[in-house]
Engineer: 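Got a structure here, written out as structure tokens. Questions coming.
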Amino acid sequence: MSEESFELRVVDVVEETADAHSISFEVPAGAEEQFTYKPGQFLTLAVPSDQTGVAARCYSLCSSPGDGGPLTITVKRTADGYASNWLCDHLREGDTIRMLPPSGIFSPVSLDADLLLFAGGSGITPVMSITRTALREGSGRIVLFYANRDERSVIFAGELSRLAAEHPDRLLVVHWLESVQGLPTQEQVRAFAADHASYDAFVCGPAPFMKMAVAALKDLGFPRERRHQEKFISLGGNPFGDLHDREVAEHEIEDAEHDPDDVSGDVSGDEGAPAAEEDQPQGPVKLEVELDGEQYVFDDWAPGTKLLEHLESKGVKAPYSCREGECSACAVRLLEGDVKMLHNDVLDDEDIADGIRLGCQSVPVTDTVKITYH
Ligand SMILES: Cc1cc2nc3c(=O)[nH]c(=O)nc-3n(C[C@H](O)[C@H](O)[C@H](O)COP(=O)(O)OP(=O)(O)OC[C@H]3O[C@@H](n4cnc5c(N)ncnc54)[C@H](O)[C@@H]3O)c2cc1C
């Protein structure tokens with residue numbers, strides 16, 4: 001099964017740095033509602049691939065909802081990466097590309113909160129959207145720690161200094177250049193964050209940077225609900241099922257050998273390993289769901305059926321993106337009972353201990369399950 005995807009036209013391409021392009025899209029008439037978004041959310045693009053039909057990749061929106069501007073992502077070339085280089089090399093004004101609507105949970109609950117933002121390299125993209133939006137619509141203070149390899153690799157340098165000058169009492173931007181100061185250490189970040197220990201923290205960047213920053217926040221006692229992370233990974237699956245089937249059929253893969261450019265992974269549409277029989281309840285499960293202020297109760301959730309699929313079968317528009325347990329757009333919180341995830345690439349032990357689960361991969365293991373989307 002695949003989510004409804006849309007073809008969007010490129011209206012602008014800006015070379016931000018030598019290896020990062022901002023690409024803006026026009027939302028097609030009639031799809032405005034689907035493309036409303038929160039700061040920090042991402043789009044999932046269907047990047048054409050000769051080998052698999054599509055390489056699905058997520059890109060955070062750096063634009064700010066509600067400012068009247070187009071939807072914009074910023075793509076940084078990954079060394080030897082397939083999709084990021086394809087997007088930077090091929091997409092030009094007037095081209096179109098297929099994508100899924102905005103998704104994700106890396107977004108402040110309140111734009112009035114004080115925000116402590118950590119961005120490393122291209123991790124600035126969702127952080128930029130949060131910063132732009134909170135400055136325009138919110139009232140809190142924003143402290144941004146922004147790490148880059150060197151001065152030339154700083155994306156949005158000009159706009160950040162302009163925003164900091166316009167909002168001297170609300171925005172503080174601290175640039176950290178590896179070429180000058182070396183890699184930031186946990187102790188340095190801890191010392192920096194200590195003055196802002198009551199803020200809501202958001203962390204996005206390369207894996208080692210995130211690990212270090214999150215460890216520093218944990219050291220300072222930031223509770224889970226004030227520690228948000230966005231992991232930039234490449235999806236292994238393909239939520240554009242129809243595109244894959246059609247285009248692969250057209251391309252009739254001639255060479256079965258692995259192409260080093262093709263790292264889009266398994267696109268077989270595999271539904272994942274079924275839950276072991278002994279883990280499954282014997283009969284239909286009672287499910288209670290809180291979503292967007294609505295309450296739903298169903299008493300016929302079949303053991304072995306994934307939560308997202310059950311909700312879709314009931315006509316409930318629950319959020320999701322990759323459907324593969326890789327992006328967290330479908331995250332829910334357990335309030336009662338338990339589920340088992342068939343696959344999970346994003347939630348860590350602490351998330352799981354906090355009751356967070358991925359809706360696209362969760363099957364019931366108790367007779368009653370109550371969850372909330374947040
Ligand atoms: C929610 C989200 C938001 C994102 N936002 C942005 C953004 O704003 N800007 C941005 O530039 N990127 C963003 N990304 C990352 C983006 O989706 C791609 O992962 C990135 O562009 C690299 O894709 P690629 O096809 O160019 O590289 P790939 O071809 O996927 O390769 C990337 C690297 O990973 C290695 N690799 C590939 N597959 C695997 C695997 N299965 N296991 C281990 N290693 C592997 C490759 O060898 C290579 O070194 C985001 C990702 C997510 C999940």
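A quick note: this is a predicted structure, and the numbers were derived from the prediction, not measured. All ligand and atom numbering here is 1-based and tracks the order in the structure.
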Engineer: Could you work out, for atom 52 (C) of ligand 1, the closest of S103, C58, S328 by heavy-atom distance?
Structural biologist: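 The residue whose heavy atom sits nearest atom 52 (C) of ligand 1 is C58.
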Engineer: Does ligand 1 come near enough to F42 that some N or O of the ligand is less than 3.5 Å from an N or O of the residue?
Structural biologist: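 No - when backbone and side-chain N and O of F42 are compared with those of ligand 1, no distance drops under 3.5 Å.
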Engineer: Does F42 have its ring centroid less than 6.0 Å away from the ring centroid of F106?
Structural biologist: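 No; F106 has its ring centre 6.0 Å or more from that of F42.
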Engineer: Is any side-chain heavy atom of L287 closer than 4.5 Å to one of V289?
Structural biologist: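 Touching, per the 4.5 Å side-chain cut-off.
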Engineer: Do you know the tightest heavy-atom contact between E326 and V346?
Structural biologist: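 Smallest interatomic distance, heavy atoms only, reads O-CG1, 3.1 Å.
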Engineer: Non-hydrogen atoms of T78 versus ligand 1: any pair closer than 4.0 Å?
Structural biologist: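 Yes; T78 lies near enough to ligand 1 that a heavy-atom distance drops under 4.0 Å.
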Engineer: Could you tell me, atom by atom, which parts of ligand 1 come under 4.0 Å of a heavy atom of E230?
Structural biologist: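 Numbered from 1, ligand 1 contributes 1 (C).
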Engineer: Near V75, which atoms of ligand 1 are under 4.0 Å from a heavy atom of that residue?
Structural biologist: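 Near V75, the atoms of ligand 1 are 11 (O).
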Engineer: Show the atoms of ligand 1 that are less than 4.0 angstrom away from any heavy atom in T125.
Structural biologist: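 Reading through ligand 1 atom by atom, the close ones are 8 (O).
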Engineer: Evaluate the ring planes of F35 and F6, with Trp represented by its six-membered ring, and classify them as parallel (under 30°), tilted (30 to 60°) or perpendicular (over 60°).
Structural biologist: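 Rings of F35 and F6: perpendicular, as their planes differ by over 60°.
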Engineer: Quick one, S24 with T72, criterion side chain to side chain donor-acceptor pair (under 3.5 Å). Give me CA distance, side-chain angles, the key distance, then yes/no.
Structural biologist: CA-CA 4 Å; S24 299; T72 303; 2.7 Å; yes
Engineer: For K231, take its heavy atoms, then give the atoms of ligand 1 lying under 4.0 Å from any of them.
Structural biologist: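 By the 4.0 Å cutoff, the relevant atoms are 52 (C), 53 (C).
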Engineer: If you measure every N or O of S84 against every N or O of ligand 1, does any of those distances drop under 3.5 Å?
Structural biologist: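 For ligand 1, there is an N or O atom that lies under 3.5 Å from one belonging to S84.
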Engineer: Run the ring pair (Phe, Tyr, Trp, His ring centres under 6.0 Å) check on F118 and F202 step by step: do they pass?
Structural biologist: CA-CA 6 Å; F118 288 94; F202 288 77; over 10 Å; no
Engineer: For ligand 1, which atoms sit closer than 4.0 Å to a heavy atom of T74?
Structural biologist: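 Going through ligand 1 atom by atom, the ones under 4.0 Å from T74 are 7 (C), 8 (O), 9 (N), 10 (C), 11 (O).
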Engineer: So is there a nitrogen or oxygen of N85 less than 3.5 Å from a nitrogen or oxygen in ligand 1?
Structural biologist: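 Among all N and O atoms of N85, none is under 3.5 Å from an N or O of ligand 1.
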Engineer: If you draw a 6.0 Å radius around NZ in K38, do more than 12 non-hydrogen atoms from other residues or ligands fall strictly inside?
Structural biologist: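 No, NZ of K38 has 12 or fewer neighbouring heavy atoms, counting only those of other groups under 6.0 Å.
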